[in-house]
Structure formats: C-alpha cells, structure tokens
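Report on one structure; see the data block that follows.
Please read these numbers as outputs of a predicted model, since none were measured by experiment. Convention: sequence-line order gives letters A, B, ...; per-chain numbering from 1.
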Amino acid sequence: MSGIGTGYDLYPTTFSPDGRIFQVEYAHKAVENSSTAIGLCCKDGVVFGVEKIILSKMLVEGTNRRVFSVGEHIGIATAGLTADGRRIVQNARQEAKNYENFTSDIIPIHVLTERLSIYVQVFTLYNYIRPFGCSLMIGSYDEEKGPSLYCIEPDSVALGFYGCAIGKGKQEAKTEISKLKLSEMTCKDAVKEIAKILIKTVHDETKEKEMELEMSWVCKETKGKHKLVPKKLIEEAVEWVKGQENEED
Amino acid sequence: MFNFEKEFLSDLNKEVKTGTTVMAVTFKGGVIIAADSRTSSGSYAVNRVTDKLTPVHDQIYCLRSGSAADTQIISSYVSYYTNMFSIEEGSKPTVKKAAHMFREFLYQNKQYLHAAIICAGWDPIEGGSVYSLPLGGSIVKQPFATGGSGSTYLYGYCDMNFKENMTEEEAEKFVTYGITEAIARDGGSGGIVRKAIIDKNGVRRKTVYGNKLKKFWEK
C-alpha cells in the first residue's frame, strides 16, 4: 500500500526529503485513535478528565486507569497506547524518587517535564526501538508558583498550557476550552465544565458505547496533593450536564 | 642502624589530613563560618595558610575536616550538582538541598571515606542554616556546629557562650575566640583564623592573623 511517506517511513532513523520523520508522525496517529483526555489549569489548581469507553460490562469501573500520580504532588493523564503511557509514568516515578532522595526536596514539575521529554526523545533516535505512541499531560499545583500544566507529545515536544486536550476529540475539545475563562474558574467549576465537554461535545453516543469519566485534580483544596476527584462530585457534574441538555431542548 | 628515610621522611608519606578546627554559627540574619589554617601530614605542616572555607554555591559554603582528598572531591561533586540543579530549576539551591547531597555521598560511600563536613549558608527560605555531617554520613540541622580535632576543646566554651539570635558582632567574636582557643590547645590546628559571613547580601571574608589572635590564659 503506498502512502505519503512511502520509502522514508520504515525507521525513525530516516528523514524524508521534506524534513519529516514519518515514524514519529505515525506515533501521533496512534494517540489520535484513543479516547480524549482534557487538562485545565484553573486559578486554584489543575483538573484532568478522561473519557473512558466501556468496552464490556464485565470490566470493573475505576480500573484500567488513564490518570496516574507521580510523587504526591504531580498528576499525569495519558492518551494513546496506555501501556506506553504506563512505561513513561514508571520512569517519571523513578526520576521523582531519585531527585527526592538526592536533594530532600520534591521535584519541581518543570524539571520532571524536561527530563521526561528527554527520555521520550531518545526513542525517536534509533531503528530498533519505536517511539512512544502516547501523549501525556502533566499537572501540578504549588502554593507559590500556582498551577502548572504541560503536555508531552510523541515527538518529545513539551509545551506549557492553560488548557489542553489530547486524543480523538482534541480539536472539538480545544475549541470548547478556548471559550472558557480559565483564570477565573475554580477547580470545582472545572470538574463540571470538563464533564460537559467530554459527555456532550466529544463523546458520540450513536457511534460509541457507554463512557466512564475518570477525573483527578491537584489543587488548593487537596493541599497540593494529586487525588481522584471524589465520586460524588463527578456524579453531581454528570447530573448538571444532563440538566443543561434539558434546558437547551 | 640509622635509616635516613625512616628518621626524616616518614612523616611525608603519611596521609594528608586536615587536623583542623572549624565552626559554623547562625546569627540574626545569616551564618558565620570560621576555621584554622593548618593542614598536616603527621607532624609536618603541609600548608600553614590553608583555606578550609570551601564555596559550594553563591551563598552556601562547606567546612571540611578529615582526609583532605576525600573532602575536596566530595565538595566539588556537590558544587557541580548544585550548579546543575540551579540551572535546570531556574532558582538558587537551598542549604538544605546542598547538605542532603553531601549526605548522599558521605553515606553511600562511607566504607571508603574519612570525611566530616559542616554545610552552612543562607537561603531566602530558611535564612541562615547550619547542617552537621559527621563521619558516618548522618545529617543534623543545628543552630551551631563545630568539627575537627580541635573541636573537642570547644564543647564547654560553646555550650556556655552560645545564644540564639546573636548580632553579627557577637557571633563574630564567638567564632574568633573559639578558633583561637582551639589553635592554642590542639596540635592539629594552627596558623590564622579565616572567617566568612554569609547573609542575604552575599559573602564577606575576613582573616585574623596569628599575631593578632587574642591571648587567653597561658604561661
């Protein structure tokens, strides 16, 4: 089958004549196949939300996590190949722990992000190991510096965001996010807004099966610790979204 | 039989140690660190004007006692890592961070090392701090610390004269007299008194030469 990159897309070690590395671009495609994850930087913290498609009624809810804690103060949400995401999170946890052992301080989020970025980049250099097929959003909240949110893509580019979405529905999600006033929003409001975007904008009820919402936050209320959003709050958010739908009808 | 090497040169082959007296004291606004200036190899003074006040970072210093080689290499490692971290993080390291790095090196390599360090400095979070890292690789934060062979003669003096939140003048007197006394009593310490005052404005170094040292009771 011939495609755009034929001949130059076998290994990450080959540049195409127009300067692209196709294997890394194909890794991006793997991320775009996965369900959406959103991260928002509010005035008092960072909130993550992931749309998890329920593949079977036999699956226990709350397992098959897409959001992870690194140290106590950093959260990472993944989109793409979950196994790849877990590998990077494992590396992140090692980095955080080593930093803490060596310096007795918790690792600052921008240091962790840069180190993960360097780690991901290594896998775009060789022909015997493939690039990671996942994007990560990394978030943390600090009393002095405030909330921070970064996103690392398979090409290892790490950018800081006020609001970010990765996965299948990222374009629609990003449009909705840009309409929000993030600097004035609290984390509790953000939980509702993320639920709204994931349930209404991103999730297509006709095409896909049911979805489960996995949400976590690092904020003033959790005293800078990364925790799952309490189930009650998620349920309230879902109710609120349903209420909004009825209003519009 | 007279053996020239055995009689005259045996000292020169002994390991170079910093016999030493070192002190670090917190005062209101920063820390003062002070040390003597003798490095000995047996009974030969290899260096009588040694500088044992070693900078680790802009406002973090360490005082070295024990094997000169061991302490020099470790302090240059910690200096390297604090510099790298501060560039990576975009902010200056705290004294706590530097002290804990010393601890990692000293503890993980304790079988091979004979090194004791006092890490002292100023940072905007804690102000002046002093951390003592004795031979085994433990770490203790203290209001003041003494180290080296001459420190044994100072325990009484320090306990009786130290006060929390001294002024800079009081603290300077405290360390100068302390080192002077240790030089008088300890064979492994001698020479001049080197001091450094570290506060939010930076580091000011001072020296008190031998003939200016106050004479306490002596015949």
Please check if the number of heavy atoms outside B:Arg48 that lie under 6.0 Å from its CZ is greater than 12. no

Between A:Asn101, A:Ile107, A:Thr103, which has the largest tally of heavy atom pairs under 4.5 Å with chain B? A:Thr103

Just wondering, do B:Glu88 and A:His110 contact through their side chains at under 4.5 Å, heavy atoms? no

Chain B contacts: which residues in residues 31-47 of chain A have a non-hydrogen atom closer than 4.5 Å to it? none

Name the atoms and distances for all side-chain donor-acceptor pairs under 3.5 Å in residues 153-172 of chain A, with sequence neighbours left out.
| unit_1 | atom_1 | unit_2 | atom_2 | d |
| --- | --- | --- | --- | --- |
| A:Asp155 | OD1 | A:Val157 | N | 3.3 |
| A:Lys168 | NZ | A:Glu208 | OE2 | 3.3 |

Flag if over 12 foreign heavy atoms under 6.0 Å of CZ, B:Phe162: yes

Could you go through residues 140-147 of chain B and list every donor-acceptor pair under 3.5 Å that involves a side-chain atom there, pairing it with any protein atom two or more places apart or in another chain?
none

Picking from B:Glu104, B:Arg103, B:Glu89, B:Lys96, which has the most non-hydrogen pairs under 4.5 angstrom with chain A? B:Glu89

In terms of heavy-atom proximity below 4.5 Å to chain A, should B:Thr82 be classed as side chain, backbone, both, or neither? neither

When the side chains of residues 182-194 of chain B are checked against the rest of the protein, which donor-acceptor pairs come out under 3.5 Å, sequence neighbours left out?
| unit_1 | atom_1 | unit_2 | atom_2 | d |
| --- | --- | --- | --- | --- |
| B:Asp186 | OD1 | B:Gly188 | N | 3.2 |
| B:Asp186 | OD2 | B:Ser149 | OG | 2.7 |
| B:Asp186 | OD2 | B:Gly150 | N | 3.1 |
| B:Asp186 | OD2 | B:Ser189 | N | 3.3 |
| B:Asp186 | OD2 | B:Ser189 | OG | 2.7 |
| B:Ser189 | OG | B:Thr20 | O | 3.2 |
| B:Ser189 | OG | B:Thr21 | N | 3.4 |
| B:Ser189 | OG | B:Thr21 | OG1 | 2.7 |
| B:Arg194 | NE | B:Thr50 | O | 3.0 |
| B:Arg194 | NH2 | B:Val49 | O | 2.6 |

Would you find more than 12 non-hydrogen atoms of other residues, nucleotides or ligands less than 6.0 Å from A:Lys174 atom NZ? yes

More than 12 foreign heavy atoms under 6.0 Å from CD of B:Gln111: is that the case here? yes

What's the separation between atom CZ in A:Phe102 and atom NE2 in B:His100, rounded to the nearest 0.5 Å? 12.0 Å

